[in-house]
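To keep things clear, I will list the structure first and then write my remarks on it.
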Amino acid sequence: MPRSNEVVQALLQEYADLLAISGGDPFRVRTYEKAARSIGGYHAEVSSLDQKGLEAIPSVGKSTAGKVEEALRTGTFAALEDLRAAVPSGVRQMMAISGLGPKKAMLLYRDLGISSVEELAAAIDAGRLKGLRGFGDRTEENILRGIALVQESGARVQINVAMELAEDVIGRLGGLKETRQIAYAGSLRRMAETIGDVDILVAATKPAPVMEAFASLPNVERVIARGETKTSIRTIQGLQVDLRVVTPDVWGAALQYFTGSKAHNIRTREIAVRKGLKLSEYGLFDAKSGELIVARTEEEVYERLGLPWIAPTLREDRGEIEAALRGELPTLVQEKDIKGDLHTHTNLTDGLAPLEEMIAAARGRGYAYYAVTDHAPNLYMQRMTDAKMLTQRKRVRQLCSCTARS
DNA sequence: GCCGTTTTCGGCCCGACTGTTTTCAGTCG
């Protein structure tokens with residue numbers, strides 16, 4: 001049974017998507033996306049909160065709180081039902097196709113009545129998109145390729161699979177004479193449980209030879225995009241790898257940007273804006289004069305924003321910014337902290353005791369750190385609900401990544 | 001719709017790349 005926060009998060013995200021498709025104010029769309037994320041990561045169960053408690057959640061105001069309250073009571077809210085009636089669910093599903101955003105999805109529906117991925121494929125086959133503004137031959141090809149990708153099950157892979165690929169790419173590009181520094185970034189550096197694509201960052205004196213070497217790797221199935229500083233490929237295993245090349249003097253800013261998450265980046269950039277600064281992958285700048293302030297290390301960037309360095313595993317905009325501002329960032333487990341491995345089962349699978357009893361027992365025995373390596377790690381993660389468990393969740397994630405690499 | 005070191009209105013992250021719309025909108029991360 002998913003926790004109420006996740007149910008509400010999904011409803012608000014759906015509302016944001018449908019608002020975007022139906023041409024709603026982009027800032028309102030973003031507001032609901034932010035509120036959805038904020039609720040998903042909030043430490044307290046939203047079903048236990050009253051209106052005032054809901055409005056205390058960051059990015060949740062009176063209007064959103066009202067919708068959340070209605071959703072908790074009835075399972076949905078009226079404004080969402082209105083949009084569901086206006087936009088078929090298949091139109092939203094079409095946005096899962098790479099290259100199709102809300103504008104193009106809505107255009108296909110409004111002008112051609114296409115309301116599902118299957119109908120879209122059939123329409124392209126029948127040549128119905130010919131002459132439609134914004135849809136040329138190349139776009140049609142890309143959509144068909146995107147549909148094939150969507151229909152392949154399990155686009156995301158476990159972290160150990162992505163890590164192996166990343167280390168292979170790093171091994172091949174790291175030896176080039178132009179390469180000064182190289183690292184994996186993105187969700188891989190944040191140690192997410194599953195990885196959608198692999199992000200590689202290179203600091204190089206000249207980007208072109210690095211790009212060329214990357215696009216020529218033996219396991220490249222297709223070059224998706226290729227520019228002066230950024231190239232994306234898809235491997236024959238079906239995983240996308242993005243390469244970004246920067247100059248060595250902006251390594252820290254680029255690594256901070258390329259590590260994400262997107263939500264964390266938006267928060268740090270907002271902090272920069274409020275301080276009269278501008279943050280991008282090229283550095284932290286004075287907004288007015290455009291003068292570069294810092295870019296060389298991540299530590300400098302965070303420090304100039306008034307924050308301590310935040311570990312990548314925490315960068316999800318799930319309270320880490322606030323914790324950093326309060327000086328209350330958690331101490332994360334290191335490999336040297338691991339003394340052993342205890343395998344146990346909870347009643348999520350074939351054990352007898354519930355997760356909560358396992359945790360209480362571990363605490364009662366004085367274990368500072370512990371990982372439950374059940375056969376159902378995702379179910380376990382979903383049950384990590386209370387505020388203190390956020391820290392624990394990250395510890396488990398780090399432990400899992402250690403296991404994956406050993 | 002939310003929010004405040006520019007606080008009750010005005011702004012909301014930033015840049016790369018693609019395809020197509022001859023100058024830029026849409027999408028992505």
Please list, for nucleotides 4-9 of chain B, all pairs of protein and nucleotide N/O atoms separated by less than 3.5 Å.
unit_1 : atom_1 : unit_2   : atom_2 : d
B:dT6  : OP1    : A:Arg274 : O      : 3.2

Using nucleotides 15-18 of chain B, report all nitrogen or oxygen pairs with the protein that are shorter than 3.5 Å.
unit_1 : atom_1 : unit_2   : atom_2 : d
B:dG15 : OP1    : A:Lys278 : NZ     : 2.8
B:dA16 : OP1    : A:Tyr282 : OH     : 2.6
B:dC17 : OP1    : A:Glu228 : N      : 3.2
B:dC17 : OP1    : A:Thr229 : N      : 3.2
B:dC17 : OP1    : A:Lys230 : N      : 2.9
B:dC17 : OP1    : A:Lys230 : O      : 3.3
B:dT18 : OP1    : A:Arg226 : N      : 2.8

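The separation of B:dA25 from B:dT20, taken at their C1' atoms, amounts to 10 Å, rounded to a whole angstrom.
Contact annotation for A:Lys34: no contact, since no heavy-atom pair falls under 4.0 Å across all strands. Nucleic acid contact for A:Pro58: sugar-phosphate only, since backbone atoms but no base atoms lie under 4.0 Å from a heavy atom of the residue. Contacts of A:Leu19 with the nucleic acid, taken as non-hydrogen atoms under 4.0 Å apart, are absent.
Under the 4.0 Å criterion applied to side-chain N and carboxylate O atoms, A:Arg226 and A:Glu212 are assigned as salt-bridge partners. For A:Glu55 and A:Lys67, the salt-bridge test fails: no basic side-chain N is under 4.0 Å from an acidic carboxylate O. A salt bridge is defined here as a Lys NZ or Arg NE, NH1 or NH2 lying under 4.0 Å from an Asp or Glu carboxylate O, and A:Lys130 with A:Glu140 meets this definition.
Listed for the A:Thr179 side chain is no donor-acceptor partner under 3.5 Å among the backbone atoms of A:Gln181. A distance-only check finds a donor-acceptor pair linking the side chain of A:Asn5 to the backbone of A:Ile39 [under 3.5 Å]. Remark: side-chain polar atoms of A:Glu320 are paired, donor with acceptor, to backbone N or O of A:Asp317 under 3.5 angstrom.
In summary, the aromatic rings of A:Tyr257 and A:Tyr282 are positioned with their centroids too far apart to meet the 6.0 Å limit.
The side chain of A:Thr64 contributes an N or O atom lying less than 4.0 Å from OP1 or OP2 of B:dC2. Side-chain N/O atoms of A:Thr139 include one lying less than 4.0 angstrom from OP1 or OP2 on B:dT20.
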Passes side chain to side chain contact (heavy atoms under 4.5 Å, CB included), A:Leu72 versus A:Leu49? Steps please.
CA-CA 10 Å; A:Leu72 289 168; A:Leu49 302 175; over 6 Å; no
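Across all strands shown, B:dT8 forms no Watson-Crick or G-U wobble pair with both distances under 3.5 Å.
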